[in-house]
K.L.:
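One structure coming up, written as structure tokens, with questions to follow.
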There are 2 protein chains.
Amino acid sequence: MNVQPVGAVDEDTIRFGELGQSVGFLLRIAQLQSFDLFFQRLASQGLKPGEFTVLWVVGLNPGLRQGTIAARLRIKPAHMTKLVHRMVEAGYVQRNVLDHDRRSVRLSLTDKGEAFVQSHKQAFLEFHQAERLNLTDAEFATLMQLLGKLTGIDDT
Amino acid sequence: MNVQPVGAVDEDTIRFGELGQSVGFLLRIAQLQSFDLFFQRLASQGLKPGEFTVLWVVGLNPGLRQGTIAARLRIKPAHMTKLVHRMVEAGYVQRNVLDHDRRSVRLSLTDKGEAFVQSHKQAFLEFHQAERLNLTDAEFATLMQLLGKLTGIDDT
DNA sequence: TGGAAAATGTTTTTATGTAAACTAAATTCT
DNA sequence: AGAATTTAGTTTACATAAAAACATTTTCCA
């Protein structure tokens with residue numbers, strides 16, 4: 001079975017060479033795969049990973065500066081501006097400029113924003129389970145620990 | 001030191017809550033971090049991760065279909081078309097339509113493309129080392145194995 | 001003080017990536 | 001054989017993200 005015609009190339013096997021030893025390459029593939037799964041499961045509820053993550057983090061850390069959150073989530077300032085404006089338009093987020101520093105913008109959830117996060121929290125957390133895919137508990141724990149070390153984000 | 005004014009928020013600490021247990025979230029952060037490092041080191045040489053990866057893979061697997069490579073690298077067909085055209089314009093890639101199936105397009109590197117890959121191979125591989133960051137050899141090996149399992153890409 | 005430098009966001013312009021509809025070629029199914 | 005389906009890639013129109021230049025406010029320090 002699966003005899004190759006003379007001169008043809010095996011379509012199923014791709015050689016990656018040293019790319020297979022690249023952390024960045026595998027991270028990229030894994031991440032895109034994860035996004036695919038996210039959209040497949042949660043797009044119907046109108047959730048986008050970036051937006052929902054911001055709402056989530058703002059909910060947990062009310063009053064933080066927009067820029068602080070952006071930096072931590074690796075969202076570029078220009079993009080953060082637009083994203084936050086969308087969330088304000090949607091009525092989920094409040095912007096607040098404090099007197100002692102009128103440059104910076106403090107973010108917090110509106111009641112509607114809180115309600116939105118709460119109502120989707122379950123699906124969001126279930127998704128986190130699903131994306132563990134075929135990893136055992138031990139493998140999962142190890143992976144998280146290593147990614148934590150790589151990213152400097154500790155699990156808190 | 002670092003006494004907070006009354007009513008202020010600690011700027012340094014962000015709580016992620018259950019997000020900290022999300023594979024997808026950590027993958028996303030790690031991946032963006034990796035891209036940042038890539039651009040920081042290799043942008044000056046005119047390398048983009050996606051483009052160089054395609055050249056690399058085409059070089060290792062001459063004669064594969066454009067679509068096969070795109071699927072494996074998780075590049076969308078529409079984007080692949082444009083990317084390949086850029087590479088053809090640059091003189092790095094040849095498109096080839098075989099008689100036995102005139103729908104599909106076979107890719108291979110031109111001599112110029114080969115030379116380009118060769119001349120940047122070193123920097124590319126050094127970058128792979130750098131992105132291991134603060135991981136030990138053992139941690140690195142484990143991480144790669146787990147990401148391999150997650151993505152279904154085995155190290156070959 | 002007061003002017004230079006830094007910090008924080010925003011706007012505009014450009015590049016990158018995606019979705020959906022489309023063309024063309026090959027395959028399948030009576 | 002010939003219509004219907006599938007496969008491969010392209011095109012167009014749109015969405016997303018990024019870089020660069022900008023405006024404003026604050027800090028630094030000579």
Side-chain angles (χ1 to χ4, degrees), chain A residues 5 8-9 11-12 28-29 31-33 35-36 38-40 43-44 46-54 58 63-89 93-107, chain B residues 5 8-9 11-12 28-29 31-33 35-40 43-44 46-54 58 63-90 93-107:
Chain A
V9 180
E11 297 284 329
D12 299 327
R28 173 75 177 166
I29 301 294
Q31 202 268 306
L32 291 177
Q33 179 176 302
F35 262 26
D36 282 353
F38 187 98
F39 286 116
Q40 189 179 310
S44 59
L47 296 186
K48 298 182 189 179
E51 290 180 357
F52 193 78
T53 299
V54 168
V58 170
L64 275 198
R65 283 196 308 102
Q66 168 172 325
T68 306
I69 295 178
R72 236 39 205 313
L73 298 181
R74 291 198 169 257
I75 297 170
K76 297 285 184 298
H79 184 204
M80 189 65 173
T81 296
K82 293 181 194 172
L83 195 161
V84 168
H85 274 120
R86 283 205 299 278
M87 295 301 95
V88 170
E89 300 264 308
V93 167
Q94 271 175 341
R95 290 162 45 94
N96 219 320
V97 174
L98 269 58
D99 254 2
H100 72 81
D101 187 345
R102 310 225 334 283
R103 291 169 305 180
S104 58
V105 177
R106 311 277 157 175
L107 300 181
Chain B
V9 180
E11 297 285 330
D12 299 328
R28 173 74 177 164
I29 301 295
Q31 202 268 305
L32 292 176
Q33 180 176 301
F35 262 26
D36 282 353
L37 190 63
F38 186 98
F39 285 116
Q40 191 180 307
S44 59
L47 296 187
K48 300 181 188 179
E51 290 181 354
F52 194 78
T53 299
V54 168
V58 170
L64 273 200
R65 282 196 308 103
Q66 168 172 324
T68 305
I69 294 178
R72 238 37 205 314
L73 298 181
R74 291 197 169 256
I75 297 170
K76 297 285 184 299
H79 184 204
M80 188 65 173
T81 295
K82 293 181 195 174
L83 196 161
V84 168
H85 274 119
R86 283 204 300 277
M87 296 300 96
V88 170
E89 300 264 308
V93 167
Q94 271 176 338
R95 291 161 45 94
N96 219 320
V97 175
L98 269 58
D99 253 2
H100 72 80
D101 186 345
R102 312 230 327 284
R103 290 170 306 181
S104 57
V105 176
R106 311 277 158 176
L107 299 181

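Chain letters run A, B, ... following the sequence lines, proteins first, then strands; residues in each count from 1. Every value quoted in this text rests on a predicted model; they were computed, and no experiment measured them.
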K.L.:
Using atom NE2 of His85(B) as one end and atom C1' of dT16(C) as the other, report the distance to the nearest whole Å.
P.N.:
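Interatomic distance, NE2 of His85(B) to C1' of dT16(C): 17 Å.
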K.L.:
Could you state the CD1-P distance from Ile75(A) to dT10(C), rounded to the nearest angstrom?
P.N.:
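Ile75(A) atom CD1 is separated from dT10(C) atom P by 13 Å.
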K.L.:
Go through the steps to decide whether Met87(B) and Val58(B) satisfy the test side chain to side chain contact (heavy atoms under 4.5 Å, CB included), and finish with yes or no.
P.N.:
CA-CA 11 Å; Met87(B) 296 300 96; Val58(B) 170; over 6 Å; no
K.L.:
Looking only at heavy atoms, what is the nearest atom pair of Met80(B) and Leu107(B), with distance?
P.N.:
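Smallest interatomic distance, heavy atoms only, reads CE-CD1, 4.3 Å.
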K.L.:
Just to be sure I understand the rule, does Ser104(A) reach a base, reach only the sugar-phosphate, or reach nothing, if contact means heavy atoms closer than 4.0 Å?
P.N.:
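Sugar-phosphate, no base atom in range.
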K.L.:
Hey, is the side chain of Lys48(B) poking within less than 4.0 Å of OP1 or OP2 on dA15(C), counting only N and O atoms?
P.N.:
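Checking Lys48(B) against dA15(C): no side-chain N or O falls below 4.0 Å of OP1 or OP2.
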K.L.:
Starting at atom NE2 of His79(B), determine the distance to atom P of dT12(D), rounded to an integer number of angstrom.
P.N.:
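Rounded to the whole Å, the gap is 17 Å.
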K.L.:
Quick check on DNA chain C: between Arg95(A) and Lys82(A), whose nearest nucleotide comes earlier from the 5' end?
P.N.:
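It is Arg95(A), whose closest nucleotide lies nearer the 5' terminus.
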K.L.:
Quick check: on DNA chain C, is the nucleotide nearest Lys76(B) upstream (toward 5') of the one nearest Asp101(B), or the reverse? Name the residue that is more 5'.
P.N.:
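The residue closer to the strand's 5' end, by nearest nucleotide, is Lys76(B).
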K.L.:
Are Arg103(A) and dA23(D) close enough that a side-chain N or O sits under 4.0 Å from OP1 or OP2?
P.N.:
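So the side chain of Arg103(A) is outside the cut-off, no N or O lying under 4.0 Å from OP1 or OP2 of dA23(D).
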K.L.:
Provide, to the nearest angstrom, the distance between the CD atom belonging to Gln31(A) and the P atom belonging to dA17(D).
P.N.:
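Answer to the nearest Å: 11 Å.
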K.L.:
One pair to check against side chain to side chain contact (heavy atoms under 4.5 Å, CB included): Ile69(A) and Arg72(A). What are the steps and the verdict?
P.N.:
CA-CA 5 Å; Ile69(A) 295 178; Arg72(A) 236 39 205 313; 5.8 Å; no
K.L.:
Do the side chains of Asp101(A) and Arg65(A) get close enough for a salt bridge, i.e. N-O under 4.0 angstrom?
P.N.:
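Here Asp101(A) does not pair with Arg65(A) in a salt bridge, since their nearest N and O are not under 4.0 Å apart.
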K.L.:
If you compare every side-chain N and O of Arg65(A) against the phosphate oxygens of dG9(C) (OP1, OP2), does one of them come in below 4.0 Å?
P.N.:
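Indeed, a polar side-chain atom of Arg65(A) lies that close.
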K.L.:
Whole-Å distance between dG9(C) P and Met87(A) CE?
P.N.:
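One finds 18 Å between P of dG9(C) and CE of Met87(A), rounded.
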K.L.:
Would you kindly give the CZ-to-P distance between Arg86(B) and dT10(D), to the nearest whole Å?
P.N.:
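Whole-Å distance recorded here is 14 Å.
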K.L.:
For the CG atom of Leu83(B) and the CG atom of Leu73(B), what is their distance to the nearest 0.5 Å?
P.N.:
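Here the interatomic distance stands at 9.5 Å.
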K.L.:
Quick check: on DNA chain D, is the nucleotide nearest Arg102(A) upstream (toward 5') of the one nearest Met80(B), or the reverse? Name the residue that is more 5'.
P.N.:
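Between the two, 5'-proximity favours Met80(B).
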K.L.:
Within this structure, what is the CZ-to-C1' distance between Phe39(A) and dA15(D), rounded to whole angstrom?
P.N.:
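Distance check: Phe39(A) CZ to dA15(D) C1' gives 11 Å.
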K.L.:
Rounded to whole Å, how long is the line connecting atom CG of Leu83(B) with atom P of dG9(D)?
P.N.:
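So the two atoms are 14 Å apart, to the nearest Å.
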